[in-house]
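Structure, as C-alpha cells:
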Amino acid sequence: MDYFPIFVQLKNQNCLVVGAGEVAARKIELLARADAKITVIASEISTAVSNLKALHSLNILKKTFSSTDLHGFRLVVSATDDADTNKLVAKTATEQNIPVNVVDNPELCTFIFPAIIDRSPVVAAVSSGGASPVLARLLRAKIESLIPPAYGRLAHIAEKFRSRVKEVIKEPAQRRIFWENVLQGSIAELIFSGKEQEAEQKLEQMLINQKGNINVGEVYLVGAGPGAADLLTFRALRLMQQADVVVYDRLVSPEILDLARRDSEKIYVGKQRYNHALPQESINILLADLAKAGKRVVRLKGGDPFIFGRGGEEIETLMQQGINFQVVPGITAASGCATYAGIPLTHRDHAQSCTFVTGHLKDNSINLNWKQLAAPNQTIVIYMGLVGLEKICQSLIEHGSPKDLPAALVQQGTTINQRVITGTLESLPGIVADQDIKPPTLVIIGTVVTLHDKLDWFHTELS
Ligand SMILES: C[S@@+](CC[C@H](N)C(=O)[O-])C[C@H]1O[C@@H](n2cnc3c(N)ncnc32)[C@H](O)[C@@H]1O
C-alpha cells in the first residue's frame, strides 16, 4: 500500500490553498465540505474562487506564495500552474511536517485526495494511489450506485440507538446480528423510502422484544426493465442483492437474474402465452407465504410491474395480509423498445399523445376502443399484439385509420437480439408473417414510426 487511508478531522482547522483557478476552486469546495477554515494565496483570483468567498468565508490573500506563509496551517494544497511555486510549497510543507497535496503531481504530495462517496456521516473514499484518478472516479461511480443517498440517514438512526442497543443486548455476537437485521432489513428499507418515524418505532419494538433476531419478511415488487440488464434501477439492483428469494417470470433475462444475490433461492413462476407455470392467485399466495416465513422476497417482473404486469393484484394480497412491501418501477417495454428503435413515442410534428393497449386475444377477439385508437396525431403501443396483429390492423383501418399509416414491430427490444420491422397497417402483418419472429414483441403504430430510418441509433448484428 503506497498510501495509508485515514479520515482527518478538519472542522475549524486552518487549511491553505495556494492558487485560485478552477482546480483550486474544486479543492476549496472539498475542504469546505469538511468545515475547514480556508485561506487562499494567489496573485490572481479567478471568478470561480471569488464566487466561493462569501459562501465559505474564505480568507483570500492576493500575493505570491513565500516560504514564510505556512505557519499555523494544518494542511496545504498547491493548485497553481507554476511548477516552481508548486515545488516551493511542497518543499516548505514537507520540511515543516505539514501534509501537502500538489494537484496532479504525486511525487510532490505527502497526501492525495481520494474520490469521495459522501453519505455523511458515512464516507467512502477510493484511491488509485495517484496512478489513475479517472479509474478511481469510475470506481466511485460504481460504488455510488450501490450506496443510496439515504445511507446517511440510516447511519444517524443507528447512532441514535447505539447505546440503548448495547444496554439491552449485552452479548456482542447477538448485537451484531441485531444490527445486521436492522441495517439490511425492513427498517433500512423504511428509512430509504422516507418513513423514518415508522422505522424508529419498529426499531423500538425490536428492542422491546429483546430478541435481536427478529426476522420480518417482506416483498419487493421490482420492475426488471425490458431486457438489457443495465436498464435496471439502482434500487432494483440493491434489493435484488439483499433478497433471500427471487420469484421471477419469463421476461426476466438470465443476465438480470445473475445480478441477484448468489445464494438466493430462485423460483420461476412463468408465464408464457399458453404456459403459466403458476396461476396468478398461486403467485400472490406464494409471495405472502414466503414473507410470512421471514424471507425477503424480490418479485422480479419484466418492464414495469404496474403496466400489464398484474402488480396491483400481487400487492393487494400482501396488503390484505399485512405484509410489508415496496414497489420499484421499471422501464416499461414501450419506453425501452421505442427508445432503442429510434421511434420517439411523442413528437411535436407527429403525435401529441400515446396510448398503451394490450392486444391479447380473448375468445379470438380484441375488445378495444377502436374509434378512439383510429384518431390521428397519436401513437399506439400494443403489448402482446403479435398473434392478433392482423385483426388489430384490420380493425384500425375499418375505424378510419389510413391503410398506409406507418407501423413497426420490435422484437426483443433493448437486447442484442433486437429487430425492428417496419411497414404500414396494410403491409405489416404480411411482412411479419414471412419472418421468423422471436418473442417478446411490441407493436408501435403512428407516423412517429417514419422517424425510425433517421433516428435508428442502436445497431445490432441482426438488424
Ligand atoms: C405481460 S406484458 C408485461 C409488460 C411489462 N410489465 C412492461 O412494463 O413492459 C408482456 C409483453 O410486453 C412486451 N414486451 C416486454 N418486453 C419486451 C421486449 N424486450 N421487446 C418487445 N416487447 C416486449 C411484449 O408485448 C410482451 O408480450
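These figures come from a predicted structure and were not determined experimentally.
Looking only at distances, a side-chain donor or acceptor of His347 sits under 3.5 Å from a matching main-chain atom of Asp349. Within the 3.5 Å criterion, the main-chain N or O of Thr355 finds no donor-acceptor partner in the side chain of Gln378. Using a distance-only test at 3.5 Å, with no hydrogens or angles considered, a donor-acceptor pair links the side chain of Gln242 to the main chain of Gln184. Checked by atom type and distance alone, the side chain of Lys266 pairs as donor or acceptor with a backbone atom of Ser264 at under 3.5 Å. Panel note: side chain Trp457, backbone Thr339; a donor-acceptor pair is recorded below 3.5 Å. Side-chain N or O atoms of Thr414 include one that pairs as donor or acceptor with a backbone N or O of Ala228 at under 3.5 Å. In terms of modelled atom types and a separation under 3.5 Å, the side chain of Tyr383 and the main chain of Ala334 share a donor-acceptor contact. The closest donor-acceptor contact from the side chain of Asn101 to the backbone of Phe111 lies under 3.5 Å. In terms of modelled atom types and a separation under 3.5 Å, the side chain of Asp304 and the main chain of Thr332 share no donor-acceptor contact. With Ser46 contributing its side chain and Ala20 its backbone, the two residues share a donor-acceptor pair below 3.5 Å.
Residues Tyr248 and Tyr268 bring their aromatic ring centres within 6.0 Å. Taking the ring centroids of Phe308 and Phe356, they lie at or beyond the 6.0 Å cut-off.
Residues Tyr340 and Leu231 have side chains in contact (heavy-atom distance under 4.5 Å, counting atoms from C-beta outward). Under the 4.5 Å side-chain criterion, counting only non-hydrogen atoms from C-beta, Ile315 is in contact with Phe306. Counting only heavy atoms from C-beta outward, the side chains of Leu286 and Leu278 approach each other to under 4.5 Å. For the pair Leu409/Gln435, no side-chain contact is recorded, criterion being any heavy-atom separation below 4.5 Å from C-beta on. By the 4.5 Å heavy-atom criterion applied to side chains, Asp249 and Lys301 are counted as neighbours. Side-chain contact check for Thr424 versus Leu405: every heavy-atom pair is 4.5 Å or farther apart. Using a 4.5 Å heavy-atom cutoff, the side chains of Ile256 and Met240 are in contact. Between Val297 and Val247, some side-chain heavy-atom pair lies under the 4.5 Å cut-off.
The shortest heavy-atom contact between Val420 and Ala341 is CG2-CB, 3.7 Å. In this structure, Ala236 and Val222 approach most closely via the heavy-atom pair CB-CG1, 3.4 Å. Between His156 and Ser120, the shortest heavy-atom contact is NE2-O, 4.1 Å. Closest heavy-atom contact between Tyr3 and Pro106: OH-O, 3.9 Å. Scanning all heavy atoms of the two residues, the minimum distance from Leu425 to Ala407 falls at N-CB, 4.4 Å. In terms of heavy-atom proximity, Gly385 sits nearest to Ile392 at O-CD1, 3.9 Å.
Within 6.0 Å of CD on Glu390 lie no more than 12 heavy atoms contributed by other residues, nucleotides or ligands. Dense packing is recorded around CG of Asn377, with more than 12 heavy atoms of other residues, nucleotides or ligands lying under 6.0 Å away. More than 12 heavy atoms of other residues, nucleotides or ligands shown are found within 6.0 angstrom of CG on Asp258. Residue Asn105 qualifies as enclosed at atom CG: its count of foreign heavy atoms under 6.0 Å is above 12. Surrounding CD of Gln197 are at most 12 heavy atoms belonging to other residues, nucleotides or ligands under 6.0 Å away. Under a cut-off of 6.0 angstrom, the local environment of CD in Gln372 is sparse, with at most 12 non-hydrogen atoms contributed by other residues, nucleotides or ligands. By the 6.0 Å contact criterion, CD on Glu44 is open, its count of non-hydrogen atoms from other residues, nucleotides or ligands being 12 or less.
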Exercise for the section: Please lay out, stage by stage, how Asp456 and Lys454 fare under the test salt bridge (Lys or Arg N to Asp or Glu O under 4.0 Å). Expected result: CA-CA 6 Å; Asp456 185 25; Lys454 195 161 74 180; over 6 Å; no

Handout entry: Ile380/Ile444 under side chain to side chain contact (heavy atoms under 4.5 Å, CB included): CA gap, chis, key distance, verdict
Key = CA-CA 6 Å; Ile380 308 161; Ile444 305 176; over 6 Å; no

Practice task
Decide yes or no on side chain to side chain contact (heavy atoms under 4.5 Å, CB included) for Val49 and Ile28, but give the supporting numbers first.
Solution key: CA-CA 8 Å; Val49 170; Ile28 290 168; 4.1 Å; yes

Exercise for the section: Step by step, work out the side chain to side chain contact (heavy atoms under 4.5 Å, CB included) result for Leu428 and Leu389. Expected result: CA-CA 8 Å; Leu428 189 67; Leu389 183 63; 4.2 Å; yes

Exercise for the section: Evaluate the criterion side chain to side chain contact (heavy atoms under 4.5 Å, CB included) for residue pair Glu314 and Ile283; output intermediate values, then yes/no. Expected result: CA-CA 8 Å; Glu314 289 175 9; Ile283 297 175; 3.8 Å; yes

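To the nearest 0.5 Å, the span separating CG on Asn51 from CD1 on Ile45 amounts to 12.0 Å. Interatomic distance, Ser186 OG to Ile191 CD1, rounded to the nearest 0.5 Å: 10.0 Å. Rounded to the nearest 0.5 angstrom, Arg137 CZ and Ser132 OG are separated by 8.5 Å. In this structure, the separation between CZ on Phe161 and CZ on Phe178 is 8.5 Å, given to the nearest 0.5 Å. Rounded to the nearest 0.5 Å, atoms NZ (Lys202) and CG (Leu190) are 5.5 Å apart. If you take CD1 on Ile343 and OG1 on Thr422, they are separated by 8.0 Å, rounding to the nearest 0.5 Å.
The side chain to side chain donor-acceptor pair (under 3.5 Å) pairs that include a residue from residues 223-239 are Glu189-Arg238, Arg235-Gln326, where partners are two or more places apart or lie in different chains. Applying the side chain to side chain donor-acceptor pair (under 3.5 Å) test to pairs two or more places apart or on separate chains, those with a residue in residues 17-34 are Arg33-Asp118.
Side chains of Gln321 and Lys292: a donor-acceptor N/O pair is present below 3.5 angstrom, by distance only.
A salt bridge does not link Glu159 to Arg162: none of the charged nitrogens lies less than 4.0 Å from a carboxylate oxygen. A salt bridge links Lys160 with Glu200; the closest basic N to acidic carboxylate O contact falls under 4.0 Å.
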